[in-house]
Amino acid sequence: MTQNKPAAELPATPREYSALIGDRLIPAAERDTLKRRDPGHNHLVSLYPKATAEDLAAALAQARKAFDEGPWPRMSGAERAKIMLKVAQLIDANRAEFCLIECLEAGKPIGLVDREIGGTIAHWEYAATLARHCYGDTYDSLGNDALGMIWKNPVGVVSIITPWNYPLMINSQKVPFALAVGCTMVVKPSEMASGSALRLGELLLEAGVPPGVVNIIAGTGADLGEGMCTAPEVDMISFTGSTAVGRKIAEQAGRTLKRVSLELGGKSAHIVCADSDLTLAAEKVALGFTRNAGQACVGGSRLVVDRSIAEQFCEDVKRHVETLKIGDPLDPETTMGPLVSDVQKARVESYLAAGEEAGLARWTMATEAEPNPHGHFVIPSIFDDVPVDLSVAQEEIFGPVLAVQPFDSFDEAVRIANSTPYGLAAGVWTRNIDTALQFGRKLAAGTVEVNTFLAGAPELPITGHRDSGVGHERGRNAVDEFTELKTFMVQLGTPG
Ligand code: NAD
């Protein structure tokens, strides 16, 4: 794969993006615009064409027509795979540009974001293999005069709604998998980071995805959400975002009986046992709550640690946190950037205040220089001995804040880890495979990582239990998400 060094500068003028509806790219200049300021400097970096109600209707109609009449659902898996691999190659060829977009719009450190783009490409490549492996089943065992067949057909038109924290990555956990099985779609990225999705739209056309199969529009959830979730043209909603919005979407989908897949919030715990590789664990725990400035759904925001080692272990975690270089996301040396917005910063600060009001001891990383005061920076903090019922232990903060919760026994560790309404991910650190698997059995989490964290692969599904979601995405299982079954019962010969 090629790897270009991005031009790490703030743009003198904002970049204008185009929406994709059918075969038409609609430039920002043709619509009212949504304006995006970069979170590191508060500098205007992007203009998106704000979709009108007519744009939404046109996008839905295009997706419906492409599904009902167009070539995409009817072509062979091999043909679809070829086009999808071309998309992967085009993302790779434009890798530096995508790095810069994600850096400017989401505040991701420019020196780290390339890994995400690499992961994105891997998702397209993997999903292309599924296009050739989407097939049903045959029952040839129902008697001499009967044959049963089960076909897997694409579910139809999918409304895809995504968040800002991993913009291109999360779109790439959905779009190629839906494409692989022959679905068509309308995609609405977050209004705070739409650039990479809109640019992807241009590449999809270039790769040969037929017009109308993927339509990408920019707008807020308030303006476009209900239409995308209730329109008769839509068969399924695939949503990643907060649990609060996920509930609303589920209600709307319930009224109109659409299939939903919801990847929602989390409050993931690392369980650290005394027998683990404590050096590695400390490094990963530090990374787990500060990666992407703590704005990761699976981020390890709770440390459930054996009390006998808790004090020393927390010191080690702090030492790792102290090595972070917090600052300008455009600086290649930076390892932690700002939060995405002033609203998000205020939200995180309100949790810091709540923890202090509750009398918790709080450690904050020492910083040499104040990051840019125009940016939305929050310095990492660790709260000690957090009771399970406090908001900082229960709610998703989505910032670089760690709640430490010591345990004295296996059962207590499980109880603490499972004490939130969420069930997204968990980390277990131990050298004892039996302990690891026993924890794995008991933990309410869609993903359990053992002696690693924030790993994952396109082959492995993401699934949220409890308030963290409904359904799953990625992996082979994505075929089931985006297909529906059709059963054929065939009488062979004349009934006797
Ligand atoms: P959000 O729920 O505010 O917004 C997500 C998307 O939904 C955006 O595109 C937004 O415009 C849209 N939206 C908002 N209101 C809507 C409505 N009423 N109807 C339809 N769409 C609407 O989430 P966010 O702040 O963008 O992202 C952060 C959240 O996403 C966190 O809770 C995080 O845990 C979650 N997340 C989950 C996963 C996962 O895989 N489980 C991955 C990444 C992020």
Side-chain angles (χ1 to χ4, degrees), residues 20-23 59-91 123-138 149-162 170-188 197 200-201 203-216 228 231-239 253 257-261 458-459 461 471-488:
L20 172 62
I21 300 179
D23 62 356
L60 291 166
Q62 285 286 340
R64 188 74 253 168
K65 188 160 188 281
F67 187 79
D68 292 341
E69 300 166 25
W72 190 256
R74 289 158 196 89
M75 62 174 67
S76 71
E79 287 171 300
R80 282 201 292 269
K82 203 168 163 191
I83 295 172
M84 291 171 64
L85 286 173
K86 178 78 182 154
V87 177
Q89 287 158 8
L90 286 172
I91 297 172
H123 280 69
W124 279 86
E125 289 169 342
Y126 173 71
T129 69
L130 294 182
R132 308 183 72 157
H133 287 275
C134 176
Y135 46 81
D137 224 337
T138 302
M149 287 183 291
I150 304 160
W151 292 0
K152 271 188 187 172
N153 292 338
V155 71
V157 174
V158 186
S159 277
I160 292 182
I161 302 176
T162 52
I170 291 175
N171 281 311
S172 301
Q173 287 174 184
K174 297 177 185 292
V175 174
F177 292 89
L179 280 176
V181 301
C183 290
T184 64
M185 60 211 75
V186 176
V187 181
K188 191 203 84 61
L200 177 66
L203 299 185
L204 295 177
L205 284 186
E206 193 181 331
V209 176
V213 171
V214 183
N215 305 274
I216 306 178
M228 288 183 72
E233 292 88 347
V234 174
D235 299 294
M236 173 179 177
I237 303 146
S238 176
F239 171 79
L257 282 185
K258 299 188 193 308
R259 184 185 296 190
V260 281
S261 170
E459 287 85 345
H472 40 251
E473 60 190 25
R474 297 198 322 195
R476 271 207 56 67
N477 316 69
V479 169
D480 297 325
E481 280 296 273
F482 290 114
T483 55
E484 61 184 2
L485 301 182
K486 182 176 275 184
T487 298
F488 265 74

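Keep in mind that what you see is a predicted model, and the values were worked out from it rather than measured. For reference, positions follow the sequence shown, starting with 1.
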### Query
For the residue pair N477 and P461, what are the closest heavy atoms and their distance?
OD1-CG, 3.5 Å
### K152 side chain near L485 side chain, heavy-atom distance below 4.5 Å
yes
#### Entry: Heavy-atom closest pair, residues G201 and L20
O-CD2, 3.5 Å
### Query
Under a 4.5 Å cut-off applied to non-hydrogen side-chain atoms, are V181 and L130 in contact?
no
### Summary
Taking every heavy atom of I91 against every heavy atom of L200, the minimum-distance pair comes out as CD1-CD1, 3.9 Å
### Query
If we only count heavy atoms from C-beta on, is the V209 to R80 side-chain gap below 4.5 Å?
no
### Query
Short question: side chain of K258, backbone of A231 - any donor-acceptor pair under 3.5 Å?
yes
### Query
Do the non-hydrogen side-chain atoms of S261 and F482 ever get within less than 4.5 Å of each other?
no
### Task
Determine the minimum heavy-atom distance between A197 and N171, stating which atoms define it.
CB-ND2, 3.7 Å
### Message
Using every non-hydrogen atom in the two residues, find where L205 and D23 come nearest and quote the distance to one decimal.
### Response
CD1-O, 4.3 Å
## Note on the structure
Between G22 and N215 the two heavy atoms that sit nearest each other are N-OD1, 2.8 Å
### Message
Within this structure, what is the NZ-OG distance for the pair K174 and S159, rounded to the nearest 0.5 Å?
### Response
11.5 Å
### Query
Does R259 use its side chain to pair, donor to acceptor, with the backbone of V158 at less than 3.5 Å?
no
### Query
Got M236 and E484 here, is their nearest side-chain heavy-atom distance under 4.5 Å?
no
### Task
Could you tell me whether a side-chain N or O of R74 sits under 3.5 Å from a main-chain N or O of F67, the two making a donor and an acceptor?
yes
### Task
To the nearest 0.5 Å, tell me how far L203 CG sits from K86 NZ.
10.0 Å
### Message
Within this structure, what is the CD-CG distance for the pair E473 and D480, rounded to the nearest 0.5 Å?
### Response
14.0 Å
### Message
For the CZ atom on R132, are there more than 12 heavy atoms of other groups (residues, nucleotides or ligands in this structure) within a distance under 6.0 Å?
### Response
no
### Query
In Å and rounded to the nearest 0.5 Å, what is the CG to CD distance from D68 to E233?
10.0 Å
### Message
What I'd like to find out is whether the side chain of P176 reaches to under 4.5 Å of the side chain of V87, using heavy atoms alone.
### Response
no
### Query
Hey, does W124 have a side-chain heavy atom less than 4.5 Å from the side chain of V175?
yes
### Summary
Applying side chain to side chain contact (heavy atoms under 4.5 Å, CB included) to R474 and not counting sequence neighbours gives H123, Q173, F177, L460, I462
#### Entry: side chain to side chain contact (heavy atoms under 4.5 Å, CB included) evaluation trace for L179 with W72
CA-CA 8 Å; L179 280 176; W72 190 256; 3.6 Å; yes
### I160 side chain reached by K188 side chain, heavy atoms, under 4.5 Å
no
